[in-house]
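Quick caveat: nothing in here was measured; it's all calculated off a predicted structure.
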Amino acid sequence: MDFKNGRIFTEDFRFVLGAFSVEEGRFADVLGEEKPGAVDLEGAYVIPGLVDMHTHGNSGADTSDGDEAGLRRMAAYLGKNGVTSFAPTSMTVAYETLEQAFTVVRRVKEHPDKGSAHIQGINMEGPFFSEKKKGAQNPAYLKDPDFEAFRRLNESCGGLVKVVDVAPELPGAVEFAKQASRECLVSIAHTDCTYEEAVAFLEAGGSHMTHLYNAMPGIHHRNPGPIGAGSERDNVTAELISDGFHIHPSAVRMAFKLFPGRICLISDAMRACGMAEGESFDLGGQQVTIKNGTAVLPDGTIAGSTTHLFDCMVRAISFGIRVEEAVRSATWNPAQALGCLGEVGSIANGKRADFVVCGRDFARKAVYLDGEEVCAG
């Protein structure tokens, strides 16, 4: 299939008016000659399919359920909403529960459904977290970093864990970062660490920050904390939930300045995503309810997002983030962090033809997975 007159988001992070083709599910002849009979996109934006590296669930399903039908439902929902790749993200639960969930992720990845988002790995969020900054994580399952336990879990799913999250101040965290960083991305998360503790962790092998600002100390001029430590290292990327609830728009703009070219927009969505206001759900053994568009625990703690990544990207644009930077942060950056940039995350010859056609207001006009339209409008 051939296309013309699309404003294509290129690998140098610009929109260029031009043509491209799809051959056997792959991009071809990007910005080449227009082909006779090509579909006229009439100046619409063409962006890579989005990559959500931190999403727990949607449509009533959660990664940690270990339910194959639920995970397939999640993947279908994401694909229809322009999120064509994702890393199913676990919660702080028992090791046995994680092993079962990871086995299911592997099975779905190896036998995907046509028209559903592609699994690019697993984000292991927990159980190596601080009690003080546990957020919506279940305290009954919190543990100190344990590399052997992590290694066994990762081996059980064929090495699919691409991100493991850790609080740097916990006993053994620095040594864990040294060892685990040889296998996957190691991220600062759910932490009460100092600047100095964060520096030691990052120097040992940490190179990522989970949902920046949330479940970590804020910046203080005499104690810059983990945000200060991460921002001054060019190899450290940072996730950001731009759903309009977790972070003030000013803090979103600040994050893009603190981590230039290194922000990975995420949804951190949980099973309530795509469900109705007022419904209640389980989250790692805790009850959450959708109130005013967000998911909260009984004590009012924000328990995860109910917004998918495409809407988070659009909201970032509405907060004043340049369109090009917002798109990059929802495509190229997370694909690079997950190690799948050679396959997805940009529009380039030979890459999987996952893309979204958008109007000038970034309303979705069509979503394509492997070069086939899965959703119009």
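- Between P48 and W332, every side-chain heavy-atom pair lies at or beyond the 4.5 Å cut-off.
- One finds no salt bridge joining E343 and K351 here, because no Lys/Arg side-chain nitrogen approaches an Asp/Glu carboxylate oxygen to under 4.0 Å.
- S231 contributes a side-chain N or O that, together with a main-chain N or O of G228, makes up a donor-acceptor pair within less than 3.5 Å.
- The distance from atom CG of L71 to atom CG of N58, rounded to the nearest 0.5 Å, is 9.5 Å.
- D370 has no carboxylate O lying under 4.0 Å from a charged side-chain N of R26, or vice versa, which leaves the two without a salt bridge.
- Put simply, the side chain of R72 reaches to within 4.5 Å of the side chain of H111, judged on heavy atoms.
- Contact of the I8 side chain with the F20 side chain is registered, since non-hydrogen atoms from C-beta on lie closer than 4.5 Å.
- Between V108 and P112, every side-chain heavy-atom pair lies at or beyond the 4.5 Å cut-off.
- A side-chain donor from one of T237 and H208 sits under 3.5 Å from a side-chain acceptor of the other.
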message: Show, in sequence, the C-alpha distance, side-chain angles and deciding distance for I347 and T10, and conclude whether the side-chain contact (heavy atoms from CB on, under 4.5 Å) test is met.
response: CA-CA 6 Å; I347 297 172; T10 61; over 6 Å; no
- prompt: Taking it one step at a time, do E125 and S90 satisfy side chain to side chain donor-acceptor pair (under 3.5 Å)?
  reply: CA-CA 5 Å; E125 190 184 17; S90 60; over 6 Å; no
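- Counting heavy atoms from C-beta on, the side chains of V46 and L41 come closer than 4.5 Å.
- In plain terms, the two heavy atoms of P127 and Y95 that are nearest each other are CG-CE2, 4.0 Å.
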field: side-chain contact (heavy atoms from CB on, under 4.5 Å) evaluation trace for I263 with I321
entry: CA-CA 11 Å; I263 290 292; I321 303 305; over 6 Å; no
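- Criterion: ILVMFWY side-chain heavy atoms under 4.5 Å apart, direct or through other members. Under it, F256 and M209 are part of a common hydrophobic cluster.
- Checked by atom type and distance alone, the side chain of D146 pairs as donor or acceptor with a backbone atom of E148 at under 3.5 Å.
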query: When you look at E169 and T191, which way does the side chain to side chain donor-acceptor pair (under 3.5 Å) test go after all the steps?
result: CA-CA 7 Å; E169 72 273 25; T191 178; 2.5 Å; yes
- request: Starting from the C-alpha separation in whole Å, work towards a yes-or-no answer on side chain to side chain donor-acceptor pair (under 3.5 Å) for S207 and N235.
  value: CA-CA 6 Å; S207 58; N235 70 315; 5.1 Å; no
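- Between H118 and R352 the shortest side-chain heavy-atom distance falls below 4.5 Å.
- Residues F86 and V164 fall within the same hydrophobic cluster, defined by Ile, Leu, Val, Met, Phe, Trp and Tyr side chains chained together at heavy-atom separations under 4.5 Å.
- Proximity of a side-chain donor or acceptor of S346 to a complementary backbone N or O of A348 within less than 3.5 Å is not detected.
- Of the inter-residue distances, the one linking K162 atom NZ with I122 atom CD1 reads 9.5 Å to the nearest 0.5 angstrom.
- Interatomic distance, CE of M53 versus CG of L338, reported as 4.5 Å (0.5 Å rounding).
- Of the N and O atoms on the side chains of Y213 and E239, not one donor lies less than 3.5 Å from an acceptor on the other residue.
- When all heavy atoms of F102 and L153 are compared, the closest pair comes out as CD2-O, 4.1 Å.
- A donor-acceptor distance shorter than 3.5 angstrom exists from the side chain of D65 to the backbone of D62, with no hydrogens or angles considered.
- For F259 against V236, the heavy-atom pair with the smallest separation is CD2-O, 3.7 Å.
- Taking CG of N154 as the reference point, atom CZ of R151 lies at 10.0 Å (rounded to 0.5 Å).
- Placement of L170 and M91 in two distinct hydrophobic clusters is found when ILVMFWY residues are connected by side-chain heavy-atom separations under 4.5 Å, directly or transitively.
- Side-chain N or O atoms of R271 include none that pairs as donor or acceptor with a backbone N or O of G57 at under 3.5 Å.
- Proximity of a side-chain donor or acceptor of Q336 to a complementary backbone N or O of N333 within less than 3.5 Å is not detected.
- S181 places a side-chain N or O within 3.5 Å of a backbone atom of A177 that can act as its donor or acceptor partner.
- Residues Q100 and T97 have side chains not in contact (no heavy-atom distance under 4.5 Å, counting atoms from C-beta outward).
- Taking hydrophobic clusters as Ile, Leu, Val, Met, Phe, Trp and Tyr residues chained together by side-chain heavy-atom distances below 4.5 Å, V51 does not share a cluster with V357.
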message: side chain to side chain donor-acceptor pair (under 3.5 Å) for H308 and N81? Distances and angles first, verdict last.
response: CA-CA 8 Å; H308 56 70; N81 283 286; 3.2 Å; yes
Audit row: D144, F128, side-chain contact (heavy atoms from CB on, under 4.5 Å) steps and yes/no: CA-CA 5 Å; D144 288 338; F128 310 133; over 6 Å; no
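- Salt bridge absent: R315 and D243 never bring a charged side-chain N and a carboxylate O closer than 4.0 Å.
- Note on D29 versus K35: salt bridge recorded, some NZ/NE/NH1/NH2 to OD/OE distance being below 4.0 Å.
- In terms of heavy atoms, S267 sits closest to L309 at CB-N, 3.8 Å.
- Under the 4.5 Å side-chain criterion, counting only non-hydrogen atoms from C-beta, E131 is in contact with L142.
- R328 and E324 are not joined by a salt bridge, as no carboxylate oxygen comes within less than 4.0 angstrom of a charged side-chain nitrogen.
- In this structure, the separation between CG on L240 and CG on D268 is 11.0 Å, given to the nearest 0.5 Å.
- Remark: side-chain polar atoms of S187 are paired, donor with acceptor, to backbone N or O of T210 under 3.5 angstrom.
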task: Begin from the C-alpha positions of D192 and F129 and carry the test side-chain contact (heavy atoms from CB on, under 4.5 Å) through to its verdict.
output: CA-CA 9 Å; D192 193 40; F129 292 156; over 6 Å; no
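- In summary, R152 and E155 do not engage in a salt bridge, as defined by a charged side-chain N under 4.0 Å from a carboxylate O.
- Closest approach of C358 and I47 over heavy atoms only: SG-CD1, 4.1 Å.
- When all heavy atoms of I317 and A326 are compared, the closest pair comes out as CG1-CB, 3.6 Å.
- Side chain of T89 to backbone of A87: a donor-acceptor contact under 3.5 angstrom is found.
- Taking the six-membered ring for Trp and the full ring otherwise, the centers of F3 and F355 sit less than 6.0 Å from each other.
- Two rings, from Y45 and F9, have their centers 6.0 Å or more apart.
- Under the 6.0 Å cut-off for aromatic ring centres, F150 and F176 qualify, their centroids lying closer than that.
- Taking NE2 from H220 and CD1 from I227, the interatomic distance works out to 13.0 Å, rounded to the nearest 0.5 Å.
- Shown here is E24, whose CD atom has no more than 12 heavy atoms of other residues, nucleotides or ligands within 6.0 Å.
- Residues in residues 198-208 take part in these salt bridge (charged side-chain N to carboxylate O under 4.0 Å, His left out) pairs, two or more places apart or across chains: E203-R233.
- Under the 6.0 Å cut-off for aromatic ring centres, H190 and H211 qualify, their centroids lying closer than that.
- Screening R106, R73, R107 against E68 for a salt bridge (Lys or Arg N to Asp or Glu O under 4.0 Å) leaves a single residue, R107.
- Proximity of a side-chain donor or acceptor of T84 to a complementary backbone N or O of G79 within less than 3.5 Å is not detected.
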